[in-house]
Amino acid sequence: MSIESHDIAHDDHHDHKPSGFLDRWLYTTNHKDIGTLYLVFSLLMFFIGGSMAMVIRAELFMPGLQLVEPEFFNQMTTMHALIMVFGAVMPAWVGFANWMIPMMIGAPDMALPRMNNWSFWILPFAFTMLLSTLFMDSGGPAAGWTLYPPLSLQGGQSFAFVVFAVHMMGISSIMGSINVIATILNMRAPGMTLLKMPLFVWTWLITAFLLIAVMPVLAGAVTMLLTDHFFGTSFFNAAGGGDPVMFQHIFWFFGHPEVYIMILPAFGVVSEIIPTFSRKPLFGYTAMVYATASIAFLSFIVWAHHMFTVGMPLTGELFFMYATMLIAVPTGVKVFNWVSTMWQGSMTFETPMLFAIGFVVLFTIGGLSGLMLAMAAADLQYHDTYFVVAHFHYVLVPGSVFALMAGAYYWLPKWTGHMYSEKWGKIHFWVSAISVNILFFPQHYLGLAGMPRRIPDYSTQFADFNMISSIGGFIFGASQLIFVGVIVHCVYKSRQVATGRVWEGAKGLEWTLSSPPPYHSFNTPPVIDSTTIAHVEEAH
Amino acid sequence: MLKRRTESGPMELTEHDDIRNRRKRAVKTAWALAIVAIMIFVAFILSGVLGT
Ligand code: HEM
Ligand SMILES: [Cu+2]
């Protein structure tokens with residue numbers, strides 16, 4: 001067999017999946033199956049975390065304490081965030097990485113397939129353990145996802161399980177990122193140079209470096225909490241000579257890059273989708289790569305913008321304020337490039353494109369409220385209010401989560417070989433896009449008026465906006481069931497067969513494969529030429 | 001080694017492109033990254049130990 005034969009037909013010859021259920025899923029080393037496992041797992045976590053959000057919004061529907069004990073309320077806010085961040089958004093991106101990166105760079109699989117299996121299968125154990133704390137005597141963690149001492153150390157024995165769960169999530173993420181980097185650096189098809197890679201691959205490469213740099217920091221931080229709690233050390237215990245503010249520095253040295261870990265792959269997906277449905281190559285491809293790298297770099301030197309109120313020296317406040325504002329520059333470059341890609345394109349508005357455009361508009365609102373928070377003087381008022389809650393939910397829900405939805409609709413036909421229902425996809429988009437604003441926009445006003453975050457009860461002047469927000473929340477929550485319906489229909493019922501290319505304007509190696517792609521693809525590396533690369537203007 | 005056609009003329013595939021060598025390099029990359037991760041973990045805890 002000559003190396004030139006890169007036909008799909010060739011790959012089909014050994015398209016045998018393991019037959020037993022355990023062989024197929026538990027012992028799998030196949031990047032597509034592991035990708036599916038990650039995606040299904042994250043969807044499940046999305047609903048578990050989402051139901052906790054429903055508890056929170058139900059309690060906040062009216063002033064006064066009605067449904068749950070305050071202590072349980074605090075467990076809900078803490079668990080909701082931990083599950084959404086580490087169980088839903090991050091694993092979903094790893095799922096996309098698994099499915100798409102090998103197909104996008106012309107590799108047969110991830111570089112380290114057996115480690116890949118481990119990275120995934122750690123997660124169900126980690127989250128079972130985390131969730132089990134809710135049933136223990138001392139209950140789940142209740143000090144917020146930021147786990148600030150001394151409060152986080154005042155819980156009971158179950159805290160050990162939380163720490164161990166965080167360790168396992170960290171190990172899973174680190175192994176996943178090592179795999180991503182090793183794959184991208186070593187497994188690209190000959191001719192797929194770095195600057196020919198699709199933007200999704202680039203954003204993930206940079207994200208993986210962020211993960212390797214900061215997950216060990218989080219692991220270190222929770223380890224020190226563990227020893228402070230159980231073994232009498234005083235890392236953060238002021239009575240023993242420790243420093244609780246030190247924890248905040250360490251946590252946010254992890255925490256701020258972490259928020260970019262959740263958003264950079266989203267930038268990547270949106271940069272794949274907008275060109276396809278604008279039928280134009282991405283505007284400013286290299287600028288996008290550099291912007292991503294700059295954002296990643298800057299994300300390491302802005303952490304203390306989460307701590308403007310702890311009493312830093314003025315020079316510290318100023319440094320972190322200006323460094324934070326600098327991030328708006330590369331972020332602005334990105335938004336500009338997405339808009340310019342659409343400019344004068346022959347646009348169509350299929351569901352993935354709707355979610356991508358929704359992302360550009362609504363993520364930008366979150367970016368702008370971020371800039372307001374970045375002003376140290378103003379943040380003294382905004383900090384720990386619902387304004388912060390509104391900010392990060394705008395960047396995370398119609399930001400990261402919309403990009404996840406966009407990517408899911410975009411590649412679902414590729415993954416399953418069937419078209420999803422465009423009608424229901426559009427309904428899902430419009431109901432989500434409207435309700436997400438009803439849910440989060442009023443929270444800006446609540447914050448500006450002084451409503452603190454993480455409280456189960458509030459003064460009556462906040463009643464109206466809270467009720468509106470809760471109604472939006474219930475609609476948003478319910479509308480995600482449409483998404484499940486669309487997926488189930490697409491996988492099991494849809495009879496509309498997807499072509500290999502799926503979308504008229506789609507470019508990139510993944511679209512040269514059949515839909516669904518063979519179980520083992522690109523065993524022979526594909527030939528790279530400009531007609532298959534997304535961001536190269538076709539020669540006319 | 002084998003040649004393959006590309007847009008910019010035939011491209012020589014070398015030992016470097018051989019899948020076995022690439023897998024070896026991938027394992028090396030992985031170990032290097034793992035060591036970096038462990039060092040960061042240890043460094044942050046040490047900073048806490050030495051700092052107090
Ligand atoms: C233009 C870019 C951004 C700027 C200038 C910015 C600025 C800030 C600032 C100053 C805070 C602290 C507010 C406070 O606690 O008083 C904050 C909080 C937060 N931001 Fe951003 N942000 C940006 C983008 C993002 C993105 C892209 C994400 C995630 C995808 C994100 C997620 C968060 C989260 C989760 C918090 C709250 C953490 C917590 O206290 O629990 N931000 N942001
Ligand atoms: Cu931040």
Side-chain angles (χ1 to χ4, degrees), chain A residues 2-6 107-108 110-112 115 170-171 174-175 177-179 181-191 208-209 211-221 223-224 227-228 233-237 240-243 246-247 250 253-254 523-531 539, chain B:
Chain A
S2 101
I3 203 150
E4 271 111 308
S5 65
H6 69 294
M110 296 296 278
L112 305 142
M115 189 170 80
I171 290 173
I174 291 171
M175 292 199 301
S177 334
I178 288 178
N179 222 334
I181 297 175
T183 306
I184 298 176
L185 294 189
N186 300 296
M187 305 301 282
R188 278 169 293 135
F209 278 110
L211 274 165
I212 289 180
V214 301
M215 291 310 287
V217 178
L218 174 68
T223 306
M224 289 185 264
T227 59
D228 272 10
T233 58
S234 295
F235 287 110
F236 310 124
N237 175 8
D243 181 3
M246 191 61 195
F247 177 86
I250 300 176
F253 186 78
F254 147 80
N523 275 338
T524 317
V527 172
I528 311 299
D529 62 53
S530 61
T531 51
Chain B
M1 279 295 282
L2 286 157
K3 279 203 172 114
R4 61 190 342 210
R5 285 185 306 276
T6 69
E7 264 182 332
S8 43
M11 177 179 169
E12 186 108 24
L13 288 186
T14 60
E15 279 292 315
H16 191 79
D17 298 310
D18 186 65
I19 190 75
R20 257 168 267 120
N21 291 333
R22 295 211 257 150
R23 286 201 185 284
K24 267 187 213 140
R25 287 201 300 277
V27 173
K28 277 190 201 150
T29 312
W31 275 114
L33 294 169
I35 290 166
V36 170
I38 291 168
M39 274 168 31
I40 297 175
F41 176 72
V42 174
F44 266 81
I45 293 191
L46 271 188
S47 77
V49 174
L50 302 179
T52 45

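Sequence lines set the chain letters: A, B, ... in the order given, protein chains first and strands last, and positions in each chain run from 1. Computed from a predicted structure; not experimentally measured. Note: hydrogens, waters and symmetry copies are ignored here, and every other heavy atom, side chains too, is used.
- For a residue to count as touching a neighbouring chain, one of its non-hydrogen atoms must lie under 4.5 Å from one of that chain's; by this rule A:Phe253 touches chain B with the side chain only.
- Among A:Ala111, A:Pro216, A:Ala219, the residue with the largest count of heavy-atom pairs under 4.5 Å with chain B is A:Pro216.
- Heavy atoms of A:Leu112 lying under 4.5 Å from chain B belong exclusively to its side chain.
- In this structure, the side chain of B:Arg22 engages the main chain of A:Arg188 through a donor-acceptor pair within 3.5 Å.
- Contact detail for B:Ile19 and A:Met187: the closest heavy-atom pair is CD1-CE, 3.8 Å.
- For A:Phe209, the ring-ring contact (aromatic ring centres under 6.0 Å, His included) criterion is met by no residue, not counting sequence neighbours.
- There is no contact between B:Ile38 and chain A, counting heavy-atom distances below 4.5 Å.
- Atom CD1 of B:Ile45 and atom OG1 of A:Thr227 lie 7.5 Å apart (nearest 0.5 Å).
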Only distances under 3.5 Å count here; give the side-chain donor-acceptor pairs of residues 24-37 of chain B to other protein atoms, sequence neighbours excluded, each with its distance to 0.1 Å.
from, atom 1, to, atom 2, distance (Å)
B:Arg25, NH1, B:His16, O, 3.3
B:Arg25, NH2, B:His16, O, 3.1
B:Thr29, OG1, A:Asn186, ND2, 2.9
B:Thr29, OG1, B:Arg25, O, 2.9

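- Among the candidates A:Ala221, A:Pro190, A:Gly220, the residue making the largest number of heavy-atom pairs closer than 4.5 Å to chain B is A:Pro190.
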